[in-house]
Amino acid sequence: MGLLSKAGNASVGASAVASTPLQSTSSTSSGSRSAAKRQKASTTKSSTLFKIDLSKLNFDGGVFWNRKLVASGADLNSGNITIDLQIAREIVWNLFENNFRIELLYLDRCIFPRIHMSMKEGEERDEMVYDCFHLGKPVSLDFDRSEQHEGLGAADYEARMEQVDNFRLLLSSWSGPLAEKLRRMSALTFSEGWDIESTLETVQAVERIAYLFYCQTFFAYFGRAPSLPHVRPG
C-alpha cells in the first residue's frame with residue numbers, strides 16, 4: 001500500500017506569473033527563498049532530527065548506512081553530525097519496515113503460541129510469516145537504491161501481489177469473520193498456463209480487508225496501532 005507521502009517540489013504555475021516587473025521580481029524572490037529553504041533542509045543535524053545529545057557519549061568507531069560511512073567517531077563524539085535528508089528518510093523507512101516484520105511475527109506467535117507446537121511446526125509457522133516479506137527475510141538490513149522495491153509496501157501492485165496473497169493466507173488462518181472472508185478471496189489470478197496474474201483492483205480488495213483485520217487484531221493484543229509497510233523513498 002502506498003502509505004508514505006512524498007514531498008513535492010514547489011513550482012509556480014503559468015497563471016501565477018505576474019505581468020508587471022514588481023510582481024515578477026516578487027515571485028522570483030519567493031522562489032529563491034523556497035529553493036534556499038529546501039537546500040538547507042536537505043541536511044539535518046542529528047540533534048535536531050532525533051533529539052539525541054551525542055556529545056555525552058564516547059564512540060570508537062563510525063556509523064555506516066548502506067555500507068557507507070555516515071558519521072566518523074570524531075563527529076559522533078563532538079555531537080556535530082549532519083545527516084543527508086535522503087539518508088534520514090531511508091533510515092526511517094527501514095525502521096518502519098523492520099518494526100512491521102517483527103510485530104507481525106510476534107502477533108502471530110501470540111495467536112499461535114509456539115510453546116504448544118513441535119519445533120518443526122513452529123518453524124513452518126514462522127515461514128508463513130516470512131513469506132509475507134520480500135525475499136522471505138525476517139528483517140531487512142540492506143537498502144539497495146538500484147533495486148526495484150518489491151514486497152507489501154511496493155507502489156506497483158505487480159511488485160507486491162504475491163506478498164499480499166501470502167499475507168492474506170497468514171491472516172486467514174486466524175479466527176473471526178474477517179479471517180473467514182479472506183479465506184474466500186485471493187490477490188492472485190492464474191492464466192490457462194498457470195502463470196500468476198492479477199489486477200490492481202483484485203490486490204486492493206484483499207488489502208482493504210487484510211490491513212483492517214491486522215490493525216484491529218494488533219490493537220486487541222497490544223493496545224496500540226501497529227507499524228505498517230510504507231513505500232520506499234526513491
Mind checking what makes side chain to side chain contact (heavy atoms under 4.5 Å, CB included) contact with [X], not counting sequence neighbours?
{"X": "E123", "answer": "M119"}
{"X": "A159", "answer": "Q148, E150, A154, D156"}
{"X": "F219", "answer": "none"}

Please report the shortest heavy-atom distance between [X] and [Y], naming the atom on each side.
{"X": "R168", "Y": "A187", "value": "NE-N, 4.2 Å"}
{"X": "V206", "Y": "V164", "value": "CG1-CG1, 3.8 Å"}
{"X": "T202", "Y": "S186", "value": "CG2-O, 3.3 Å"}
{"X": "R224", "Y": "F218", "value": "O-CD2, 3.3 Å"}
{"X": "L105", "Y": "R114", "value": "CD1-NH2, 4.4 Å"}
{"X": "W93", "Y": "H230", "value": "NE1-O, 2.9 Å"}

Please say yes or no: joined through hydrophobic side-chain contacts below 4.5 Å, possibly via intermediate residues, are I102 and L107 part of one cluster?
yes
Quick one: do L95 and I83 end up in the same hydrophobic cluster if we chain Ile, Leu, Val, Met, Phe, Trp and Tyr together by side-chain heavy atoms under 4.5 Å apart?
yes
For S227, is there any backbone N or O sitting under 3.5 Å from a side-chain donor or acceptor partner on N99?
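Pair absent, no side-chain N/O of N99 close to backbone of S227.
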Polar side-chain atom of R183 near backbone of S172 as donor-acceptor pair, under 3.5 Å:
yes
What I want to find out is whether E121 reaches R125 closely enough, with some N-O distance under 4.0 Å, to be called a salt bridge.
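No, this pair does not count.
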Aromatic rings F167 and Y211: how do their planes relate, parallel, tilted or perpendicular, breaks at 30° and 60°?
tilted
Flag the pair Y214 / L104 as yes when at least one side-chain heavy-atom distance between them is below 4.5 Å, and no otherwise.
yes
